[in-house]
Amino acid sequence: MIVSKSIRHILVCSVVAVLFSACNLLRYVPEGETLLNKVTIKSDVSEAPSDQLQAYLRQTPNSRFLGIGRAKLGFYSSQDINSNKWKDRWLRKIGEEPVIYDSLLTLTSQEQLTKQLNNKGYLDATVEVLTTEKKRQTNVTFVVTGHEPYKIRSYTIDIPNDSIMAALRPRRGQNAPKAGDLFDVDALAAERESVAKYLRRRGYFYFQKEALAFEADSSAHEIGLKLTVHNTYLNNDSLFAMACTKQTISSVTIYDIATAADDAETLNRADLDTTQREGYTVIQHKKSNFRAKMLTQKVLIQPHTLYNERRVEQTYSVLNALPAIKYVDISFKEAGGDSLACVIVIAPAKKHSFSVDIEGTNSAGDLGVGVGITYQNKNAFKGGEILKIGAKGSYEAMGKIGEIRNTYEAGGDVSLSVPFLLFPFATSDFRRRIGGTTEFAIGYNLQQRPEYQRHIANLGMKYAWNIRRTRFTFDLIDINYIYLPWITDAFREQYLKPSSSIRYSYEDHFIMRLGFGIQHSNKRTNSTTQSFYTLRGNISTAGNLLYGISSAIHQQKNEYGQYEIFNIAYAQYVKGDFDFTYNHYINKNIRLVCHAGIGVAYPYGNASVIPYEERYFSGGANSVRGWAVRTLGPGRYANKGYIDYMNQSGDIRLDLNLEARFKLFWKIYGALFVDAGNIWTIKEYEEQPGGFFQFSEFYKEIACSYGIGLRADFDYFVIRLDMGIKLYEPSGTTSTERWRTDLTWKNDFALHFAIGYPF
């Protein structure tokens with residue numbers, strides 16, 4: 001069925017619906033009042049453009065859908081306000097009440113805009129208000145004229161205390177005010193906090209930003225600034241002396257209790273045990289689930305050292321990151337002699353948890369069901385270790401009624417995550433500073449299909465740690481063993497020819513992998529109004545150690561020219577991936593997200609192909625969304641009209657995505673997207689014609705699609721529904737087949753349901 005006309009019909013109907021609703025927008029605007037139709041800011045100040053000044057408006061008009069129709073106001077206006085029918089209640093819930101023009105709020109907006117411009121150094125700025133009214137709707141325009149701004153002539157710090165000035169001397173102050181900068185009040189406030197925080201990280205526990213003040217000397221739109229001590233402190237010698245005195249941590253006491261307490265020291269001592277370790281005092285309930293050693297190694301505040309606010313922040317972060325801990329409170333008390341006693345109160349979280357996942361599947365008409373059960377112990381060995389034990393199974397009925405073929409899968413895995421980097425000979429101080437986790441995992445999976453039976457076993461050990469906003473992972477051991485006791489002759493004849501690129505995946509084989517990954521983002525915690533980027537990179541290699549040993553001992557190769565271990569050929573390859581995502585903030589309701597990803601895997605030495613489980617695929621919810629998962633590529637390879645997972649995999653991947661995300665109502669968001677990409681093979685394989693990557697041809701083989709999506713964003717998780725539509729199909733043999741203009745539901749649309757954003 002050709003659907004291009006249907007799509008046009010839907011769009012026309014949507015526009016008519018918006019126009020129809022617009023006819024009734026004034027239904028609930030009281031007589032004598034007007035609807036606020038439009039608010040515009042015209043600014044000649046480059047440092048305060050119109051889009052940034054919008055945040056200081058005290059009244060804004062009803063939201064517009066894609067900048068055009070006021071759909072929410074239309075919904076609200078179309079309901080009967082006196083009705084309690086479900087339809088009217090629903091329209092009220094998703095709609096918006098009309099914004100009635102308020103001259104007092106307009107005056108407040110004018111004052112706020114003027115204040116913000118003054119804060120940015122435009123002390124002579126003017127804001128003129130222009131209003132027009134037509135058909136009971138009011139338009140408001142704020143005309144902003146900045147005039148000549150005030151700039152900083154000089155900046156110095158002068159605090160009448162030698163120890164403070166000596167402590168500040170090494171401070172670089174990269175963001176400190178300098179000559180030529182605008183007289184920005186917000187920047188000056190940030191400088192006060194920065195100086196105070198710098199001192200608190202060097203022992204000055206009582207030094208707060210309130211102790212500082214700026215003195216200004218202005219002339220001819222230039223201001224000389226001096227940061228000095230506030231009069232409140234200058235006029236109080238004891239207060240000023242306390243702020244300028246370094247404090248030492250005399251003791252650190254850790255209370256491990258069952259529930260949080262306002263004063264842990266009032267607990268019944270008969271129920272507690274006390275442990276002294278490395279200068280720390282650990283007081284615990286007799287039946288505590290934590291080892292004292294683990295707690296002291298996670299506290300970065302050390303006895304007999306200068307107070308350092310950064311160590312306090314890091315201790316909060318490290319302890320709160322442990323799932324076994326529910327609550328953390330850190331406080332300090334005067335201990336006499338310019339010293340502080342640190343008290344840390346920790347309350348444990350619930351130790352055990354279970355989860356059950358049930359899913360239904362429909363793969364090309366074959367129905368199935370899957371069940372997964374997971375047990376988690378958040379403090380398995382009293383050291384914050386996380387033990388997970390999982391089991392899963394699935395069943396699928398393949399074929400027609402009377403010819404059902406059973407397919408099932410069963411498996412389980414066990415993992416243990418230790419909240420330390422278990423390096424040999426690592427000192428307690430090293431573990432305390434680096435933090436991180438060490439994870440051990442083992443798993444087994446059985447796949448029973450009509451064509452074959454496959455057993456997959458894996459064993460791994462991985463390190464993970466963070467340095468500021470960058471996360472590192474290192475797979476020290478990652479072993480996979482694949483064993484196939486039998487394969488049908490028909491499957492072997494169709495897919496496992498000697499030249500087949502996937503033959504290796506359906507023979508017994510062994511993978512011993514080593515990998516390193518890095519992820520970095522400049523996103524600030526809890527910021528919802530910033531643009532940010534994320535970088536991800538991974539590189540892994542397999543088989544090098546085994547190949548080196550085989551070569552050194554002159555091991556004999558098998559009939560395919562491969563070395564073996566335990567009579568099984570092992571894989572040898574290198575694989576690298578790089579992804580970049582840029583999330584651009586436009587306004588509170590709209591974001592533009594760009595993503596680019598590339599990956600390359602190359603077999604060598606003991607292997608001529610990449611193991612199937614390490615190969616790339618394209619299409620699906622997180623790739624080129626005009627295609628179903630694993631149905632695109634490689635290159636110009638044409639799908640044979642059925643799911644061809646075996647051959648639709650490759651060694652090179654390219655993903656390019658552009659997505660606009662915008663809020664519709666409540667927690668529902670919409671999306672418009674364009675995707676491009678494909679996969680290719682790094683060698684020419686007979687069963688994948690057109691899949692080989694060539695520099696002179698690959699750009700002609702980049703598939704393109706576009707589409708729309710809906711998201712339900714509940715902060716902690718996102719439910720996503722995307723519909724992708726093919727635009728350019730690289731496997732087409734004619735221009736008409738490649739450029740998809742006459743669309744059909746069967747061949748050109750793909751619907752994807754997923755959890756989380758695609759990138």
Side-chain angles (χ1 to χ4, degrees), residues 253-275 277 280 282-300 312-331 343-359 371-392 412-422 431-432 435-443 462 464-466 471 525-526 714-719 755-756:
T253 305
I254 304 170
Y255 286 89
D256 168 22
I257 59 179
T259 57
D262 293 332
D263 188 355
E265 294 175 333
T266 63
L267 294 174
N268 187 351
R269 296 290 174 144
D271 297 331
L272 305 176
D273 284 332
T274 300
T275 304
R277 178 179 173 78
Y280 296 90
V282 182
I283 300 175
Q284 302 172 281
H285 280 284
K286 293 184 180 295
K287 296 182 179 181
S288 171
N289 289 325
F290 291 112
R291 295 195 305 271
K293 178 180 179 181
M294 187 280 290
L295 296 176
T296 58
Q297 289 184 339
K298 287 298 181 180
V299 174
L300 281 76
V312 178
E313 295 167 352
Q314 290 175 328
T315 300
Y316 267 119
S317 178
V318 170
L319 291 175
N320 283 321
L322 294 175
I325 292 178
K326 176 183 178 181
Y327 172 89
V328 178
D329 179 71
I330 302 175
S331 60
V343 177
I344 302 175
V345 178
I346 295 172
K350 186 178 179 181
K351 186 174 181 179
H352 305 282
S353 65
F354 288 89
S355 63
V356 178
D357 296 317
I358 302 176
E359 63 178 1
V371 179
I373 301 174
T374 302
Y375 162 74
Q376 178 174 274
N377 186 321
K378 298 178 181 178
N379 193 21
F381 305 108
K382 296 190 175 183
E385 304 90 353
I386 302 174
L387 175 67
K388 289 184 180 180
I389 302 175
K392 59 183 178 181
D413 55 80
V414 179
S415 67
L416 178 68
S417 179
V418 181
F420 300 101
L421 295 181
L422 296 180
R431 289 177 177 153
R432 185 178 290 113
T437 61
T438 304
E439 182 177 325
F440 304 90
I442 185 171
K462 178 170 71 175
W465 68 98
N466 295 321
R471 181 168 180 80
T525 304
N526 298 326
F714 298 101
D715 297 329
Y716 295 104
F717 69 96
V718 176
I719 300 174
I755 303 297

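For the single chain, residues carry numbers from 1 onward in sequence order.
Taking CD1 of I755 as the start and CD1 of I719 as the end, the distance is 5.0 Å to the nearest 0.5 Å. The CD1 atom of I283 sits 12.0 Å away from atom CG of L295, with the distance rounded to the nearest 0.5 Å. The CG atom of N289 lies 10.0 Å from the CE atom of M294; values are rounded to the nearest 0.5 Å. Within the model, atoms OH of Y255 and CD1 of I344 stand 11.5 Å from one another, a figure rounded to the nearest 0.5 Å. Distance check, rounded to the nearest 0.5 Å: CZ of R471 to CH2 of W465 gives 9.5 Å.
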I'd like a table of donor-acceptor pairs (distance under 3.5 Å, sequence neighbours excluded) in which one partner is a side-chain atom from residues 435-443, with atom names and distances.
{"from": "T438", "atom 1": "OG1", "to": "F420", "atom 2": "O", "distance (Å)": "2.6"}
{"from": "T438", "atom 1": "OG1", "to": "L422", "atom 2": "N", "distance (Å)": "3.0"}

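Residues P348 and D256 approach most closely at CD-OD1, 4.3 Å, considering heavy atoms. The two atoms that bring A324 and G384 nearest to each other are CB-CA, 4.4 Å, heavy atoms only. The heavy-atom pair separating P323 from A349 by the smallest distance is O-CB, 3.4 Å.
Counting heavy atoms from C-beta outward, T296 and T275 have side chains that stay 4.5 Å or more apart. In this structure the side chain of I325 reaches within 4.5 angstrom of the side chain of F290, judged on heavy atoms. Contact of the Y327 side chain with the D329 side chain is registered, since non-hydrogen atoms from C-beta on lie closer than 4.5 Å.
Counting only residues at least two apart or in different chains, side-chain hydrogen bond (donor to acceptor under 3.5 Å, both in side chains) contacts with residues 376-388 comprise Y375-N377. Listed by first and then second residue, the side-chain hydrogen bond (donor to acceptor under 3.5 Å, both in side chains) pairs involving residues 314-323 are R311-Q314 (not counting sequence neighbours).
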Self-check item: I386/L416 under side-chain contact (heavy atoms from CB on, under 4.5 Å): CA gap, chis, key distance, verdict
Solution: CA-CA 6 Å; I386 302 174; L416 178 68; over 6 Å; no

Quiz item: Does the side-chain contact (heavy atoms from CB on, under 4.5 Å) test come out yes or no for V414 and L387, once each step is laid out?
Solution: CA-CA 7 Å; V414 179; L387 175 67; 4.0 Å; yes

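Checked by atom type and distance alone, the side chain of K298 never pairs as donor or acceptor with a backbone atom of L322 at under 3.5 Å.
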